[in-house]
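This is the structure I want to talk about, given as C-alpha cells.
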Amino acid sequence: MSYDRRGGYRRRYRDDYDDRRREPFETPEDKLKTAIIKLGEVDAIEELPRLQKQIQDHVPVNIAIVSEAFRIGVTEQPYKIPYYAALIRLLHEHPADSMGHAASPLGRLILEDFWKGFQAYLDKLAWREARLCIHFFAHLTVAQLISPESMVALLQAFTAVLDEFGVSHGRAKRAALCAAEGLMISGPGLRTLSPTNVTDIVSAIQAFNDTTGSAKWLVQPTVKVFSDEVMIDNGDEVQSEFLLFFSLLTPALQLLDTALFALKTLVDSDFKQTADSFPQPYANIPALDNELSQFVLPSVLVPPEIIELDALSNDADADDTAQVKKEEWPEYFLRLFDNDVSPDPNTPAGYAVRTALLDIISIFEVNRKECARLLLEYPKWNHPGSFKPKPGAPVPPEGENSPVPGKDWQLESTIIETILGAFLILPESSHKSVYYISLITELCKLSPSTVGPAVGKSIRKLYGALSEGLDVEAARRFAEWFAVHMSNFGFQWVWKEWVPDLALTVQHPRRTFMRRAIEFEIRLSYHDRILKTLPEPMQGPDAHTVPEQAPGPDYEYDDPANPHHDAAQSVLNLFRGRAKADDVIAHLDTLKTTLETTDDTEGNVDATVRSIAVQSLLNIGSRSFSHLLNAIERYLPLLRSLTSSGNTVESKAGILSTAAAFWRHNRQMVGIVFDKLMQYQIVDPTDVIAWTFANRAGGLDAFEWDLMRGALDKANGRVVIARRRVTALRKEDDDTRARAKAQAGAEEGGSAMEVDADANTKPEEVTDSPALATAIKAFTSLTREQRGALSRTLEGFVDCLGPNASDASANPNPHARTVVTESAWHNRANWDSDDWSAWETWGWYRQFCRAYSPYLRNYSNTLYTVSFARLDGSTDPATELLKKTWNVATGQDVS
Amino acid sequence: MAHVVSSLDQPSNYKDSQTRVDRQRQNDLLSKSTTLYIGNLSFYTTEEQIYELFTKCASPEDGGGIKRIIMGLDRNTRTPCGFCFVEYYTHAEALASMRYVSGTKLDERIIRCDLDLGYKEGRQFGRGKSGGQVRDEHRQDYDPGRGGWGAQAQRLEVERRREVEERYADAQDGPGAVAGGGGDWKDAEGAAPTEGKKRGRSPEDEGDDQRIVG
C-alpha cells in the first residue's frame with residue numbers, strides 16, 4: 001500500500017489547531033441575552049438590580065430578545081426561575097420612560113411575549129418546558145403580578161386533561177405534575193380565592209392517581225412483588241400504615257404519590273411551607289401599588305395528543321417517528337437514605353429538591369460534565385442551610401447559613417440517590433443507563449472526597465436491597481453500573497465485606513449479583529486483572545463467584561482423543577487456507593458420507609457435521625470480533641447450506657447450541673455470536689428465543705434474559721427499519737406522482753386546469769413502485785416475525801412458570817407456584833437455589849410484560865389465545881399471577 | 001436545543017487529514033455519521049472490551065447495534081496501535097457515545113471519541129512514519145499502556161501482550177479485507193440471486209474500487 005509522504009509534515013502542527021473556533025462577534029442584543037441567561041453566576045440577588053438596569057437601559061427596546069432569554073432561562077435553568085420572577089417584578093417598577101414607550105411596564109411586555117412562548121411549548125406538548133413555565137407563572141402569582149383567578153384557570157386546564165376519555169397514562173401523569181407543582185408554588189398567591197379552587201385541583205389529581213393501582217403494582221422496584229394488593233394509598237388515614245410498610249430497607253416512592261403528599265401538606269398548612277420549600281427572592285420587594293395592573297393569563301386548552309398514524313396508511317405524514325410509542329408507567333424512585341441524610345420527597349421541601357435535581361439531570365443530558373457541575377452547585381439556588389456545607393468550607397457567621405432544623409441534608413447523597421432513582425426506574429429509564437453511569441463518574445471526578453463515599457454507601461444499600469426483593473431488572477442495571485463505575489475507578493471495591501454472603505445459596509440474588517458484577521468487570525478489563533482485586537475466599541472454584549480461567553474459546557475437536565479430531569482438522573485447514581465456501585460445502589458432503597459409513601458413534605451424522613463445521617468456523621473467528629465477522633461473511637453460503645436442508649428449525653437450534661458450547665466460558669461472545677447470526681439471517685430471533693427456553697437450566701437467569709432481549713429487540717428493530725423504509729418510499733412515490741401530475745397539468749395548459757382540474761385525476765390507478773412493493777412485503781414478513789418472537793417468548797414463560805400443558809393441576813416447575821405467596825416470601829431466608837431461580841424467572845416475566853407492553857398490546861388477543869387459553873379455568877396461583885401480570889401490562893386491567 | 005451549555009456530541013476538531021472530501025461534504029457526512037474514531041486506547045485493549053463498553057450506547061430496538069469494530073493497526077507490525085473505529089447502524093448511537101462514553105475510561109485509560117466520516121479501506125493502518133499513529137510520534141511521555149515495557153510487567157501481563165500482538169498477524173489489506181458487519185434484513189427469496197461476496201454489506205459501505213491513500 002502506498003504511503004503519501006508529501007503530506008507527512010505539511011500540517012503536522014496545525015492538525016489540532018486550525019479549526020479552533022473564533023469568538024463569534026456579539027451584537028449588543030446578544031450581550032443582553034447572554035447577561036439574562038447568565039443571571040446569578042455569582043450571586044443572583046446582588047445581580048438583579050444591575051441586570052434590571054441593563055435591560056431597561058438597552059435601546060432600542062427589544063422585547064422579543066429579552067423574552068426569548070427569559071424563556072431559555074426558565075426552561076433550561078429551572079433552578080433560576082424564582083430569580084427570573086423577581087427580575088420580572090423589578091421590571092414592573094419603572095414604566096417605560098419618556099421615550100414614549102407606552103404605559104405598560106417592561107416586565108408586563110416581556111410577560112406578554114413570554115406567554116406566546118409558553119403557548120408554543122404547549123402546542124408542541126413539550127411537557128417539561130410547559131411545566132417549568134407554569135413554575136414561573138406560579139412564582140409571579142405569589143409576587144402578585146399574575147391574577148390568581150387566571151392562575152387557577154391555567155391549572156384547571158391541566159386537571160381537565162385527567163378527565164379526558166381514554167387519556168394515556170403518560171399524558172395524564174405529566175398534566176397532573178404541571179397542576180400539582182404549579183399549585184405548590186402559587187398556593188400562597190391564591191389565598192384570596194375560595195379554598196374549593198385549590199381542593200378541587202388536589203382531588204382531581206388524587207382521583208387520577210387512584211386509578212393507577214395495577215400499573216403501580218407492575219413497576220414497583222422492591223416491595224412485595226407478588227402481593228395482590230397495592231399497598232400504597234395516599235389517603236391521610238393510611239399514612240401511618242404507609243410509613244410502617246416502607247420501614248423496609250429500601251422503599252420506593254412514586255413520583256405522583258410524593259407530589260400529592262407534599263401538596264396536601266402544603267394545603268393543610270395554608271401554604272405556609274411554600275416559602276420554606278421554594279425560594280421567593282421577590283418576597284422582599286414591596287407589592288405593586290396598583291392591583292389592577294395584574295397580568296391575566298389567557299385561557300388555554302391543553303391540545304390533544306397527536307394520534308400516531310399508522311405509517312402504512314396513506315396519509316401518514318412522513319417523519320421518522322417510526323418508533324413504537326413507549327408505554328408510560330408510574331415512576332418509582334428508590335429511596336436509599338434516611339430523611340436526615342437526603343430530603344424526604346413526601347415533604348414539600350423534599351419534593352422541591354427532588355424535582356429540581358431531576359430536571360437538571362434531564363435538561364443537561366447533552367453535557368454530563370456540565371450537569372455534574374450544576375448538580376454540585378445546586379445548593380446555591382435553594383435556601384441557605386438546606387445542605388451541609390462542604391467539609392473544610394469556612395464556618396459561616398453566626399445566624400447565616402446555619403443549618404435549618406429538619407434540613408441540613410447531605411448534598412452528594414441526595415444527588416446520587418436521585419440519579420440512581422432515575423436510573424432504576426422500571427421498566428426502563430428515560431435515558432440510556434450509561435448516561436446515569438457516566439454522570440456519576442463525572443461527579444466523582446469533580447469531588448472525589450465527597451461523592452465517593454456517597455457512591456459507596458449507595459452501593460451497599462442497593463446490595464442490601466437485593467435480598468429484600470429488589471426487582472431483577474433493577475438488579476441487572478445495578479450490576480451494570482457497578483462494573484462500569486469500577487472500571488472508571490481502578491476496580492477498587494472492598495469485596496471483602498461481602499465474603500460472608502458466600503454462605504448464601506448459589507442462586508441467592510446477592511450471589512448472582514457478585515457473579516454478574518465480576519463477569520461484567522472482566523468483560524471491561526480482563527480476567528487476571530479482576531481476579532487480583534478479589535479476596536482469596538472468592539477466588540476459588542468452590543466459591544462459584546469467578547471463573548477459574550480467562551474466558552477463552554472451547555474448541556471441542558482440538559483434543560486428539562476426540563473421535564472427530566481428524567475430520568475437524570481437515571475442515572479447519574480448509575478455513576485456514578481460505579478455501580472457497582463451495583469447496584468447504586463439497587468437503588462436508590464427502591465427510592458426511594464417510595461418517596455415515598464408518599462412524600459408529602451415537603447420534604445423527606448431520607448434527608455431527610454441522611457441529612464440526614460451525615465449531616471450526618468459530619475457531620477461525622475466535623481471535624476477535626472482527627475475525628468472527630470475517631469468518632461469517634466469508635462463509636455465509638456455507639452457513640446457509642447448514643440450515644437449508646433437512647429440519648431447518650432443528651439445524652438452527654443446533655448452530656446456536658454449537659456456538660453456545662464453543663463459547664461456554666465467555667457469555668459475552670455467546671451474545672455477540674447470536675446477535676450476528678441473526679444479523680446475517682442465519683437464524684431468526686424466534687430461533688434464539690426458542691433455543692433459550694429449551695436450553696435453560698431450570699429457571700431463566702439474567703444471562704438468558706439478555707439473550708432473549710437481544711432477540712426481541714432485533715425483531716422489533718427490524719420492524720422499525722422496515723416501517724421507516726416504507727414511509728420514505730411512499731413519500732417518494734407520492735412526490736413522483738405529484739410531480740407527474742403537475743407536469744401533465746402544465747402541459748395541458750393553465751386554462752384547462754382552471755376549467756376542470758379534476759378531469760385528469762379521477763380514476764387513476766395508484767400503483768406502488770417496485771421498490772415500495774418490496775418494502776411493504778418485507779414489512780409484512782418482519783411484522784409476522786415480530787409477532788412470532790413475542791408469542792414464542794410468552795409461550796416460553798407460561799410453560800416455564802405455569803401448570804403443565806396436559807395436566808393443569810401439575811406444574812412442571814413446582815417452585816414457580818410456591819414462591820409467589822406472601823408466606824413463602826417471608827420464609828425466603830430458607831429458600832434454596834430452585835426457589836430463587838423460580839423467583840428470578842417471575843421477575844423476567846414481569847419485565848418482559850411491562851417493557852414490551854406496547855408491542856404486546858398490538859397482538860394481545862392473539863397472544864392470549866395462544867398462550868393462556870389452555871389455562872382457562874385453572875386456579876393455580878401461578879396461572880393467576882401469569883394472567884394478572886399479562887392483563888395489567890396489556891392494559892386490560894386498569895382497576 | 002441546549003442554549004446554556006454546549007452538547008458533547010458536536011464534532012470536534014478531529015478530522016481525517018487525508019480525506020479528499022471538501023469541508024461542506026464532510027459536515028454533511030458527520031451530521032449523519034454512524035462511525036466513531038476512538039483514540040487513546042491501550043495497545044492491549046481488545047475489540048471485545050470495546051464492544052462491551054460501546055454496546056451500552058446501542059439501540060437495537062430502534063434498528064441499531066454495533067455493526068463492526070475496526071482495530072487500528074501498526075502498518076508495519078500489524079499490531080494494535082491505540083485507535084479503532086466503532087461503526088453503529090444508526091447516527092443516534094454514535095451521538096450517544098459522544099455524550100456518554102467519550103472521556104470515560106476503558107481498560108483504565110481515558111478514551112476519546114470523535115464522529116468520523118466513515119471507514120475507508122486502508123484507514124485501519126497507522127499513518128505515522130514508524131507505522132503507528134502520527135499522534136504518537138509527538139508523544140513525549142512514557143506510556144506503559146501503549147507499548148512501553150515497564151519493568152514491573154508481570155508474567156501474566158507479558159502473556160496477554162504476546163497474545164494481543166499475534167492476534168492481527170493475519171490482517172490483510174485490499175478490498176474486502178475488513179468485514180461489513182451485516183446489513184439490513186433482506187427477504188430470503190429476494191436475496192438469493194444476489195448472493196456473493198458483498199452480501200451483508202450495506203450500500204453505504206465504501207466502494208471497493210475507490211482507493212484512498214492511507
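Just the heavy atoms: all of them, side chains too, but no hydrogens, waters or symmetry mates, feed the values below.
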Value rounded to 0.5 Å, distance of CD in B:E52 from CD1 in A:I522: 11.0 Å
Side-chain heavy-atom pair A:S626, B:I70 within 4.5 angstrom cut-off: no
Closest-packed option against chain B by number of heavy-atom pairs under 4.5 Å, given A:A631, A:A778, A:S624, A:S438: A:S624
Interatomic distance, A:Y526 atom OH to B:T45 atom OG1 [nearest 0.5 angstrom]: 9.5 Å
Side-chain donor/acceptor of B:E61 to backbone N/O of A:K714, under 3.5 Å: no
Taking every non-hydrogen atom, the tightest pair across B:D187 and A:S781: OD2-OG, 4.4 Å
Closest-packed option against chain B by number of heavy-atom pairs under 4.5 Å, given A:L524, A:L629, A:L712: A:L524
Value rounded to 0.5 Å, distance of CZ in B:R99 from CG in A:L439: 13.0 Å
Region of A:M669 in contact with chain B, defined by heavy-atom distances below 4.5 Å: side chain
Non-hydrogen side-chain atoms of B:V5 and A:V366 separated by less than 4.5 Å: yes
Segment of B:S102 engaging chain A (4.5 angstrom heavy-atom cut-off): backbone
Lys/Arg N to Asp/Glu carboxylate O, A:R623 vs B:E166, below 4.0 Å: no
Residue selection (most heavy-atom pairs with chain B, distance under 4.5 Å) from A:I37, A:N630, A:T441, A:T34: A:N630
B:Q124, part contacting chain A, at a heavy-atom distance under 4.5 Å: neither
Contact summary for A:K676 and B:I66, nearest pair of heavy atoms: NZ-O, 3.1 Å
Pair A:R576 + B:D170, salt bridge at N-O below 4.0 Å: no
Contact check, side chains of B:Y100 and A:I437, non-hydrogen atoms, under 4.5 Å: no
Under 4.5 Å from any heavy atom of chain B - which part of A:R634: neither
Derivation and outcome, side-chain contact (heavy atoms from CB on, under 4.5 Å), residues B:W185 and A:L782: CA-CA 9 Å; B:W185 183 88; A:L782 289 168; 3.4 Å; yes
Part of A:R578 within contact of chain B (heavy atom distance under 4.5 Å): side chain
Under the salt bridge (charged side-chain N to carboxylate O under 4.0 Å, His left out) test, residues paired with A:E68 that sit two or more places apart: A:K33
Side-chain donor/acceptor of B:K105 to backbone N/O of A:F489, under 3.5 Å: no
Closest-packed option against chain B by number of heavy-atom pairs under 4.5 Å, given A:E370, A:R529, A:K369: A:R529
Interface moiety of A:V719 toward chain B, non-hydrogen atoms closer than 4.5 Å: neither
Contact leader toward chain A among B:A171, B:A96, B:C57, where contacts are heavy-atom pairs under 4.5 Å: B:C57
Check: B:E48 and A:R523 side chains under 4.5 Å, non-hydrogen atoms: no
Minimum side-chain heavy-atom gap B:D184-A:R718 below 4.5 Å: no
A:H627 and B:Y168 aromatic centres sub-6.0 Å: yes
Check: B:G182 main-chain N/O paired with A:Y680 side-chain donor or acceptor under 3.5 Å: yes
Nearest heavy atoms of B:E108 and A:G490, plus distance in Å: OE1-CA, 4.1 Å
Parallel, tilted or perpendicular, as decided by the 30° and 60° cut-offs, for the rings of B:Y51 and A:F625: perpendicular
Those residues that, when tested against A:R477, pass side chain to side chain donor-acceptor pair (under 3.5 Å) (two or more places apart): A:E473
Residue part contacting chain B, namely of A:K445, when any heavy atom lies under 4.5 Å: side chain
Chain B contacts, top residue of A:I72, A:N716, A:N666, A:L628 (heavy-atom pairs, under 4.5 Å): A:I72
From A:N488 atom CG to B:T104 atom OG1, the distance as rounded to the nearest 0.5 Å: 5.0 Å
Side-chain donor/acceptor of A:Q679 to backbone N/O of B:G181, under 3.5 Å: no
Minimal non-hydrogen separation, B:K56 against A:K432, with atom names: O-CD, 3.7 Å
Heavy-atom contact with chain B under 4.5 Å, split by part of A:S433: neither
Residue A:Y436 versus chain B: region with a heavy atom under 4.5 Å: neither
Interchain contact, A:E365 with chain B, by part (heavy-atom threshold 4.5 Å): both
Residue selection (most heavy-atom pairs with chain A, distance under 4.5 Å) from B:I69, B:V101, B:L53: B:I69
